[in-house]
Every structure is written in structure tokens, then in C-alpha cells.
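Small disclaimer: the values here were computed from a predicted structure and weren't measured. Each residue takes its place number in the sequence, starting with 1.
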Amino acid sequence: MTDENNAPYQTFASLYDNLFDGDLYVDWQHYVEDHLPASKILDLGGGAGRLAVLLAKKGFTVDLLDMAPAMLSLAQKHAEEANVDLRLLEADIRDFSDWEEKYPAIVSFADTFNYLPGKADFQAGLKQVYDHLEPGGTFLFDVITPYQVNVLYDNYCYNNDDDPDQIFMWTSFPGEEKNSVDHDLKFFLYNGDIDAFNLVREVHHEQTYDMAYYQKALRKAGFDQVEISADFGRKTADDQDDRWFFVAHKGGVS
């Protein structure tokens with residue numbers, strides 16, 4: 001039996017959550033702490049809440065927004081296990097204008113903005129961020145780069161068969177649009193009732209752009225200062241990085 005879903009993380013949220021490298025969340029936590037004081041923040045596309053929980057344990061007041069109900073359920077579970085409070089919002093990052101609260105800082109990591117399918121969607125997401133920041137507020141986010149998409153993901157294939165009851169296959173192909181990639185993700189889950197494996201499958205599409213476009217889009221959204229780095233802020237960004245990190249500032253009251 002095969003279950004397919006083209007909406008990312010709807011079908012196998014818990015499987016993705018279990019497989020994701022937890023050390024990356026610690027890197028993102030340190031990146032946030034290096035750039036922001038402990039304060040109220042909004043985590044866009046925060047998924048299962050792994051980063052939000054780490055930040056909450058460090059004194060941040062975290063609201064988490066995600067469009068996948070399954071991910072939000074996991075975030076609630078992880079928050080309860082860590083004995084921290086998270087406020088969870090189910091919404092699309094391209095339009096959560098009915099949420100009127102503003103924040104001194106907004107963060108978004110783990111390819112969240114790469115899942116927006118086109119430039120109009122990306123610009124809409126930036127506008128929502130800008131509108132929900134307080135004057136003088138800061139937006140931290142990262143994206144995968146054209147080098148990651150066109151070189152490192154070129155005919156990429158990864159098979160994880162360490163657990164015979166939960167076999168995972170990940171294959172990547174060039175997308176139809178320039179600087180895009182499609183990930184074909186398959187889990188083979190053993191079903192003892194039928195003594196066979198069920199196939200759970202999702203296809204994820206990611207889109208990125210060159211650095212000049214990101215700078216232009218951020219300026220268009222209203223951000224007046226933009227800093228770009230790589231390796232979680234440890235190095236200067238260039239065209240052979242796999243991921244770029246942005247610090248974008250909203251101007252204060254004139």
C-alpha cells in the first residue's frame with residue numbers, strides 16, 4: 001500500500017522529526033543567541049518545535065507558526081516533555097495578517113522559505129515578516145543556495161536501512177524552474193498485521209535564488225540593513241556555500 005502527499009511533512013511528520021539531525025537545531029539555537037537577546041520571538045515554519053523548545057529553555061518567549069497540524073501536534077508534545085510553554089499558530093507564512101501581534105524578532109530556518117514555490121510567494125512571506133516586526137526588529141533566516149541545489153543535490157540519493165522496520169530512501173532531481181529541486185522521500189514501514197511493508201511517500205519541491213535577488217527582495221520588503229553569512233555565521237558568504245544566513249533589520253521610528 002502506498003500513501004502519497006505533495007504537502008510537505010503532512011504524512012510522515014513524526015518520521016521526519018525522528019530522523020532529522022538534532023545537532024543542527026543546537027547550531028541554529030546558538031546562531032539565534034549570538035544575534036538576539038532573550039526576548040519574545042516568532043518561529044516561522046517551526047515544525048515539530050525542536051528549535052523553539054531549545055530557545056524557550058534559554059529564556060525566550062516563543063510563538064511557533066506552521067501550516068502542518070501534524071507538526072504542531074509534535075511541537076506541543078515536545079514542549080510538554082521539556083516543561084516549557086509554546087504558543088502554537090496554524091497558518092501559512094505567506095498570509096497570517098489576521099494575527100495582529102508584533103515581535104522584536106522573527107526567525108525562520110531549515111529551508112522554510114525555500115518551500116515557497118515562486119518569487120511572488122517569497123515576497124509575500126517577507127511582507128508578512130516585515131509587517132509583524134516591531135520598529136527596529138530583526139529577522140533571522142536561512143536558505144539553501146544555488147550551489148546546494150545544482151551541485152550537491154544533483155542526482156543525490158541516500159538510503160537508510162539501519163532499522164529494518166523503518167527503511168528510508170531520499171532521491172533528489174532537478175526541478176523544472178531554475179535553481180529548484182524535487183525531493184522524492186519514501187519510507188518503507190513494516191506492518192506486522194500483513195507481514196509486509198507499507199510505502200509512505202512525499203515529494204518536496206524547493207526553490208532558491210542567487211544572492212543578488214535575496215538582497216533585492218529584502219530591500220523591496222522594506223528592510224534597510226541586511227547581513228549575509230554562511231556556516232551559521234562563521235564565514236563570509238560566497239557562491240559555493242550550501243546555505244546562506246541572513247540578518248535583516250527593520251528600521252526604527254524616524
Side-chain angles (χ1 to χ4, degrees), residues 9 13-14 16-68 70-91 93 96 99-115 125-126 128-144 223 225-235 237 241-250 252:
Y9 310 126
S14 61
Y16 172 85
D17 183 45
N18 289 335
L19 284 173
F20 199 90
D21 183 357
D23 290 340
L24 287 174
Y25 290 117
V26 176
D27 284 334
W28 279 310
Q29 171 204 335
H30 292 160
Y31 180 76
V32 172
E33 291 179 310
D34 287 344
H35 290 86
L36 299 173
S39 61
K40 181 177 69 173
I41 64 172
L42 175 64
D43 184 5
L44 288 182
R50 296 291 190 177
L51 174 61
V53 166
L54 290 174
L55 293 173
K57 291 170 70 174
K58 292 294 185 176
F60 288 82
T61 300
V62 187
D63 292 351
L64 185 154
L65 183 151
D66 202 280
M67 67 183 300
M71 282 295 191
L72 293 173
S73 295
L74 284 172
Q76 181 63 43
K77 174 177 177 288
H78 295 324
E80 291 172 355
E81 290 172 347
N83 196 30
V84 298
D85 293 322
L86 300 179
R87 185 161 52 168
L88 306 177
L89 313 172
E90 182 182 339
I93 65 174
F96 54 101
W99 182 250
E100 297 181 355
E101 189 151 355
K102 295 185 183 295
Y103 298 83
I106 296 176
V107 304
S108 187
F109 300 112
D111 304 10
T112 293
F113 270 75
N114 293 119
Y115 279 100
L126 290 183
Q128 290 297 304
V129 171
Y130 189 86
D131 289 347
H132 285 83
L133 279 173
E134 297 174 353
T138 302
F139 178 37
L140 307 181
F141 73 105
D142 67 3
V143 295
I144 55 172
F223 293 97
Q225 297 179 53
V226 178
E227 304 158 23
I228 309 173
S229 63
D231 192 22
F232 294 90
R234 302 182 186 107
K235 70 177 288 290
D241 294 316
D242 59 355
R243 186 176 295 274
W244 290 325
F245 290 78
F246 293 81
V247 182
H249 301 281
K250 179 175 180 175

* Structure fact -> By salt bridge (charged side-chain N to carboxylate O under 4.0 Å, His left out), Asp34 pairs with (sequence neighbours left out) none
* Applying side-chain hydrogen bond (donor to acceptor under 3.5 Å, both in side chains), name anything that partners Asp231, two or more places apart in sequence or on another chain. => Arg234
* Can you sort out the partners of Ala105 under side-chain contact (heavy atoms from CB on, under 4.5 Å), two or more places apart, ordered by chain and number? => Leu36, Ile41
* Separation of Ile106 CD1 from Leu140 CG (nearest 0.5 Å) -> 10.0 Å
* Structure fact -> Residue set satisfying side-chain contact (heavy atoms from CB on, under 4.5 Å) with Ala38, at least two apart, ordered chain then number -> Phe60
* Min side-chain heavy-atom separation Val226-Phe246 under 4.5 Å -> yes
* Say you draw a straight line from CG of Leu72 to CE of Met67; how long is it, rounded to the nearest 0.5 Å? -> 10.5 Å
* With sequence neighbours left out, what residues match Glu134 under side-chain hydrogen bond (donor to acceptor under 3.5 Å, both in side chains)? -> none
* To do: Calculate, to the nearest 0.5 Å, the distance between atoms CG and OH belonging to Leu55 and Tyr25 respectively.
  => 12.0 Å
* **Other residues, nucleotides, ligands: >12 heavy atoms within 6.0 Å of Lys58 NZ** => no
* Output the distance between atom CD1 (Ile144) and atom CG (Asn114), rounded to the nearest 0.5 Å. => 4.5 Å
* Which residues share a ring pair (Phe, Tyr, Trp, His ring centres under 6.0 Å) with His35, sequence neighbours left out -> Tyr31
* Asked: Which pairs pass salt bridge (charged side-chain N to carboxylate O under 4.0 Å, His left out) with one or both residues in residues 78-91, sequence neighbours excluded?
  -> Asp63-Arg87, Lys77-Glu81, Arg87-Glu101
* Structure fact -> Rounding to 0.5 Å, atoms NE2 (His30) and CG (Leu54) come to a distance of 8.5 Å
* What's the shortest heavy-atom distance between Leu86 and Ala56, and which atoms? -> CD2-CB, 4.2 Å
* Asp142: what forms a side-chain hydrogen bond (donor to acceptor under 3.5 Å, both in side chains) with it, not counting sequence neighbours? -> Trp28, Arg243
* To do: State, to 0.1 Å, how close Gly47 and Ala75 come at their nearest heavy-atom pair, and which atoms those are.
  => O-CB, 3.7 Å
* Asked: Between His78 and Ala52, is there a donor-acceptor pair closer than 3.5 Å when you use the side chain of the first and the backbone of the second?
  -> no
* To do: List in chain and number order the residues that pass side-chain contact (heavy atoms from CB on, under 4.5 Å) with Tyr130, two or more places apart in sequence or in another chain; answer none if no residue qualifies.
  => Phe223, Lys250
* State which residues pass side-chain hydrogen bond (donor to acceptor under 3.5 Å, both in side chains) with Gln128; sequence neighbours excluded, sorted by chain then number. => none
* NZ/Lys57 to CG/Asn83 distance, rounded to the nearest 0.5 angstrom? -> 10.0 Å
* ring pair (Phe, Tyr, Trp, His ring centres under 6.0 Å) partners of Tyr103, counting only residues at least two apart -> none
* Asked: What residues, two or more places apart in sequence or in another chain, satisfy side-chain contact (heavy atoms from CB on, under 4.5 Å) together with Ser108?
  -> Leu44, Thr112, Phe113, Phe139, Phe141
* Worked verdict on Leu89 versus Phe96 for side chain to side chain contact (heavy atoms under 4.5 Å, CB included) -> CA-CA 9 Å; Leu89 313 172; Phe96 54 101; over 6 Å; no
